[in-house]
Amino acid sequence: MRLCRFGEKRLGVVRDELVYDVTDTLAALGSYTYPLPTYDIMISRFDELRPAIEAAFKKAEGTPIKGHTLLSPIANPGKLVAAPVNYIKHLEEAQADKAINFNQQIQQIQKVGLFLKATSSLVGASEGVALRFPDRRNDHELELAAIIGRVADRVAAKNALDYVFGYCIGLDMTVRGPEERSLRKSIDSYSVLGPMIVTADEVGDPSALDMALTVNGELRQKANTRDLVLSLPELIEYASRFYTLHPGDVIFTGTPEGVASVQPGDVIRASITNIGEMVVKVRSA
Ligand code: MN
């Protein structure tokens, strides 16, 4: 199933470039009182919601996805986990680039582990990226993003894909400079997910997906997830050794080579096999 969030916080099923509004099914989630859960309630209760979503999809009339404002497909992730330099060619390019390798901070992922991006940085494709420091170098990083579907605590890699709900295209936008990654990559709108969540059953093997990113039609990044240093199952094993992963948590799996800067007015197009394509506009904040 392909799910998007669009317009005024609506939920849609996507089929053949059409969106079918299934927002009414969310009423079954009821209302939560303070303190609110720190995970995504729609993802955590999706199995329960799914029959009603399928029924509503069959009754709804599709409208073209092109006409809709696409929001982040995950409304309330508890964490945005991200893998630094997780492709060998990107490690080499990053180590050779003084603008990226400030203070020789770039090291292998096996040494440095993972980092977190603020959830407040998350936007959907139609919301675009707003550059807050346009005088500094702001780079695109195309990444496969996995969405966790159930609680994962110290999970072995061989079982890890059982915990994945689905996948999105991710952009881990980055301002280069000497500050900590978690700060530079957490600027409002610097985590883009879209255009929709595709459930794991429709994506298949996450270690064999082609991905590409263009800026204003110029090809910048082209890779396949088979070249990840730590595969998605290994990333889930690594992360869940340190903290419990909850439904809706996002894992940005790392970017391949070809990262480069964007300017206000640029248009990014990002695609991943079996997920689709998203178009993201860049502006100044
Ligand atoms: Mn990244």
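What you are looking at is a predicted structure, and each value in this text was computed from that prediction instead of being measured. Counting convention: from 1, in listed order, for ligands and their atoms alike.
- Only protein N, O or S atoms were considered, and those under 2.8 Å from the Mn ion (ligand 1) are Glu141 OE1, Glu143 OE2, Asp172 OD2.
- Heavy atoms from other residues, nucleotides or ligands lying under 6.0 Å from CG of Asp201 number more than 12.
- Atoms CG and OG1, on Asp266 and Thr214 in that order, are 10.5 Å from each other to the nearest 0.5 Å.
- Within the 4.5 Å cutoff, the side chain of Cys168 has heavy atoms near those of the Pro73 side chain.
- Cation-pi contact between Lys185 and Phe115: absent, since separation from the ring centre below 6.0 Å together with deviation from the ring axis within 45° is not met.
- In this structure, the separation between CG on Leu228 and OH on Tyr87 is 3.5 Å, given to the nearest 0.5 Å.
- Enclosure of atom CD in Glu17 is not indicated, since only 12 or fewer non-hydrogen atoms of other residues, nucleotides or ligands lie within 6.0 angstrom.
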